[in-house]
Visitor: 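Supplied in structure tokens, the structure appears directly below.
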Amino acid sequence: MVGLRVSIIGSGGAAFAAALQAARDGARVTMIERSATGGTCVNVGCVPSKILIRAAQIRHTRRASSFDGAIGRAQAPVDRRALLHQLRARVAGLRRDKYEGLIEQNSNIDLIRGTARFAGASRLAVALEGGGEREVAFDRALIATGASPALPQVPGLAGTPYWTSTEALFAEEPPEHLVVYGGSVVALEIAQAYLRLGSRVTLLARSTLLSREDPLIGETIANVLASEGMDIRLRTPLERVEHQGGRYTLRAGGEAIAADRLLVATGRIPNTAALALDAAGVRTDANGAIEVDSFMRTSARNIYAAGDCTTQPQHVYVAAAAGTRSALNMAGGEAQLDLSAMPAVTFTDPQIATVGLSEAQAKDAGLTLETRVLGLENVPRALVNFETRGFIKLVAEAGSGRLLGVQAVAGEAGELIQSAAIALRAGMTVHALGEQLFPYLTMVEGLKLAAQTFTRDVKTLSCCAG
């Protein structure tokens with residue numbers, strides 16, 4: 001790859017992983033970014049959202065916990081400006097240390113500030129941030145432009161000061177009443193955070209919560225959020241939006257809902273419309289997502305794509321892995337991205353985590369199944385936490401016992417799911433999983449207990465029975 005000219009459109013997780021790999025291999029890398037360095041995750045996604053969620057969780061625990069009978073509650077006022085200062089400082093620090101600083105340290109990577117579009121099969125035209133245009137020629141290119149919040153077609157919505165996740169994460173004044181429109185990951189995470197930070201929250205979902213997951217997940221988290229005081233309305237699409245005098249009147253489910261703010265979290269669309277992909281022969285699907293194979297190759301022989309702008313799952317760790325493999329393949333490699341054991345986490349409280357096939361997906365694949373659901377009242381860690389809301393579900397192949405998938409709603413589900421992913425990747429059976437040693441009084445021990453339910457009644461076991 002020495003001397004190869006590599007152009008990368010974007011500067012997020014996929015872009016940086018590719019740039020660093022290509023630079024290590026001797027390529028001359030030109031990265032083009034029209035906005036903040038670092039992309040969605042560090043600037044307006046993963047990092048700031050998890051800070052907000054953690055702050056909300058701490059406030060909630062101080063005000064109400066499973067130990068209220070023994071430890072008194074405490075009032076927990078929120079200094080929103082101080083919280084935002086803390087959030088912005090951490091975001092800026094990570095952007096500097098993990099993105100901007102890496103470019104400065106690497107002489108093989110140049111950053112151009114501007115907006116790129118294809119001007120042919122091996123050329124980019126870049127509208128520079130300071131004015132003018134520059135042409136960039138390349139031998140290989142990577143498209144890593146990410147995605148943006150989608151705007152549903154609701155009468156009256158366009159032109160109102162609705163929030164996307166970005167505005168919600170950085171708002172200086174919390175609303176008295178926030179209506180969240182959406183039922184997936186971003187909607188649930190931000191809705192619970194605002195509820196715990198003191199806002200009244202109404203959640204409108206067009207279908208069920210997390211409708212693409214096992215139905216038990218949506219049912220369980222809906223019960224949790226309702227128990228905390230959230231008004232959840234399922235199968236209630238937003239019909240009309242009116243905004244006057246700084247307040248919303250929302251028509252949904254045949255009634256009017258008054259609110260201070262409206263958060264729209266109904267999905268994301270790939271940032272591909274302005275790239276002039278036709279000029280390079282790069283195909284997209286009907287939603288504008290770039291079609292890639294398992295090698296991250298597009299329909300153009302010298303152009304690759306990775307991350308949220310593609311047909312791949314929209315997770316930053318998927319994007320980064322795809323970016324690294326793209327760079328390797330630009331140099332003639334054949335590195336593939338295997339998503340068969342891809343873990344996913346929703347950072348509600350309790351967390352939601354999945355890996356592998358759900359029961360419905362396994363049935364659609366024609367597999368004969370055995371499934372088990374273990375309630376958290378059977379997990380010692382959950383019992384000593386006095387927090388037994390949730391479950392761990394295992395999906396296995398009948399006969400062989402081969403593990404096919406795991407779904408969990410539990411405290412620290414995001415931690416236990418990686419053990420499940422490793423078990424899945426290793427081709428383990430539920431019987432082998434049930435024989436493993438797990439440290440006692442950890443949530444991940446629930447995987448062992450769930451696996452043991454295929455052959456025994458774990459209710460009859462002693463606390464740490466092997």
Side-chain angles (χ1 to χ4, degrees), residues 4-19 22 27-41 43-45 99 109-151 164 166 267-293 295-314 316 318-320 322-323 325-327 329-330 337:
L4 199 69
R5 298 170 301 172
V6 174
S7 290
I8 299 176
I9 310 174
S11 69
F16 257 87
R28 291 294 311 171
V29 178
T30 300
M31 185 178 288
I32 302 142
E33 175 55 63
R34 66 179 182 178
S35 185
T37 310
T40 295
C41 183
N43 290 298
V44 295
Y99 295 90
I109 303 176
D110 294 320
L111 175 65
I112 298 176
R113 296 286 183 183
T115 301
R117 71 181 189 280
F118 284 95
S122 58
R123 292 179 297 116
L124 292 171
V126 182
L128 300 174
E129 185 178 70
E133 188 168 280
R134 173 178 170 182
E135 185 174 282
V136 177
F138 61 82
D139 301 306
R140 304 286 187 274
L142 174 70
I143 306 168
T145 49
S148 299
L151 183 64
T164 66
T166 300
R268 297 175 67 80
I269 55 173
N271 295 325
T272 59
L275 291 174
L277 295 176
D278 289 347
V282 176
R283 289 196 299 266
T284 66
D285 68 9
N287 296 317
I290 298 170
E291 297 174 348
V292 293
D293 62 14
F295 300 93
M296 279 57 67
R297 298 177 299 209
T298 72
S299 53
R301 63 175 181 80
N302 62 329
I303 300 174
Y304 296 73
D308 293 359
C309 65
T310 73
T311 50
Q312 296 167 341
Q314 294 190 354
V316 68
V318 172
R325 287 159 177 78
S326 296
N329 295 339
M330 287 177 184
L337 184 61

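The basis for the numbers below is simple: all heavy atoms, side chains too, and nothing from hydrogens, waters or symmetry mates.
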Visitor: What distance do Asn43 atom CG and Thr37 atom OG1 have between them, rounded to the nearest 0.5 Å?
Guide: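 Here the interatomic distance stands at 8.0 Å.
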Visitor: Which heavy atom of Pro313 sits nearest a heavy atom of Asp308, and at what distance?
Guide: O-OD1, 4.4 Å
Visitor: Between Asn287 and Ala289 (side chain of the first, backbone of the second, donor and acceptor by atom type, cut-off under 3.5 Å), is there such a pair?
Guide: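 Judged by distance alone, no pair lies under 3.5 Å.
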Visitor: List the atom of Leu124, the atom of Ser7, and the distance in Å for their closest heavy-atom pair.
Guide: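 The answer is CD1-CB, 3.8 Å.
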Visitor: Distance check, rounded to the nearest 0.5 Å: Glu33 atom CD versus Tyr99 atom OH?
Guide: 11.0 Å
Visitor: Say whether, by atom type as modelled, one donor and one acceptor occur between the side chain of Asp139 and the main chain of Arg5 under 3.5 angstrom.
Guide: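 Looks like yes, one N/O pair under 3.5 Å.
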Visitor: Are Ile112 and Leu128 close enough that some pair of their side-chain heavy atoms sits under 4.5 Å apart?
Guide: yes
Visitor: Please find the pair of heavy atoms, one from Met330 and one from Arg140, that lie closest to each other, and give the distance.
Guide: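 The answer is O-NE, 3.2 Å.
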Visitor: Looking only at atom types and distance, does a side-chain atom of Thr298 sit under 3.5 Å from a main-chain N or O of Ile303, one as donor and one as acceptor?
Guide: yes
Visitor: Please check if the side chain of Asn302 supplies one atom and the backbone of Ser122 the other of a donor-acceptor pair under 3.5 Å.
Guide: no
Visitor: Quick one: closest heavy-atom pair of Glu291 and Thr284, and the distance?
Guide: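 The answer is OE2-O, 3.6 Å.
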Visitor: Could you tell me which non-hydrogen atom of Ala306 sits nearest to which non-hydrogen atom of Gly323, and how far apart they are?
Guide: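 Minimum heavy-atom separation between Ala306 and Gly323: CB-N, 4.0 Å.
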Visitor: Between Ala320 and Ala17, which heavy-atom pair has the shortest distance, and what is it?
Guide: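 So the minimum-distance heavy-atom pair works out to O-CB, 3.2 Å.
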Visitor: Okay, side chain of Ser326, backbone of Ala322: is any donor-acceptor separation there less than 3.5 Å?
Guide: yes
Visitor: Starting from the C-alpha separation in whole Å, work towards a yes-or-no answer on side-chain contact (heavy atoms from CB on, under 4.5 Å) for Tyr304 and Ile143.
Guide: CA-CA 6 Å; Tyr304 296 73; Ile143 306 168; over 6 Å; no
Visitor: Taking only distance into account, with no hydrogens and no angle test, what donor-acceptor pairs under 3.5 Å do side-chain atoms of residues 269-280 form with protein atoms, sequence neighbours excluded?
Guide:
from: Asn271; atom 1: OD1; to: Ser148; atom 2: OG; distance (Å): 2.6
from: Asn271; atom 1: ND2; to: Thr145; atom 2: O; distance (Å): 2.9
from: Asn271; atom 1: ND2; to: Ser148; atom 2: OG; distance (Å): 3.4
from: Thr272; atom 1: OG1; to: Gly288; atom 2: O; distance (Å): 2.6

Visitor: Give me each pair satisfying salt bridge (charged side-chain N to carboxylate O under 4.0 Å, His left out) with a member in residues 112-132, each pair once, sequence neighbours excluded.
Guide: Arg117-Glu133, Arg123-Glu135
Visitor: Below 4.5 Å, heavy atoms only, C-beta onward: do Asn329 and Arg297 meet side chain to side chain?
Guide: no
Visitor: May I ask you to decide if Pro149's main-chain N or O and Thr164's side chain share a donor-acceptor pair within less than 3.5 Å?
Guide: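 Checking the backbone N and O of Pro149 against the side chain of Thr164, no donor-acceptor pair under 3.5 Å is found.
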Visitor: Please assess Asp110 against Arg28 for the test side-chain contact (heavy atoms from CB on, under 4.5 Å), listing each intermediate value before the final yes or no.
Guide: CA-CA 8 Å; Asp110 294 320; Arg28 291 294 311 171; 3.1 Å; yes
Visitor: Check whether any side-chain heavy atom of Phe118 sits under 4.5 Å from a side-chain heavy atom of Ile9, and report yes or no.
Guide: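 With C-beta onward as the side chain, the pair touches.
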Visitor: Side chains of Phe138 and Thr30: does their closest heavy-atom pair fall under 4.5 Å?
Guide: no
Visitor: Strictly distance-based, threshold 3.5 Å: is any side-chain N or O of Ser11 a donor or acceptor partner for the main-chain N or O of Gly38?
Guide: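 Between the backbone of Gly38 and the side chain of Ser11 there is a qualifying donor-acceptor contact (under 3.5 Å).
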Visitor: Please answer whether the main-chain N or O of Ala147 pairs with a side-chain N or O of Arg268 as donor and acceptor at a distance below 3.5 Å.
Guide: yes
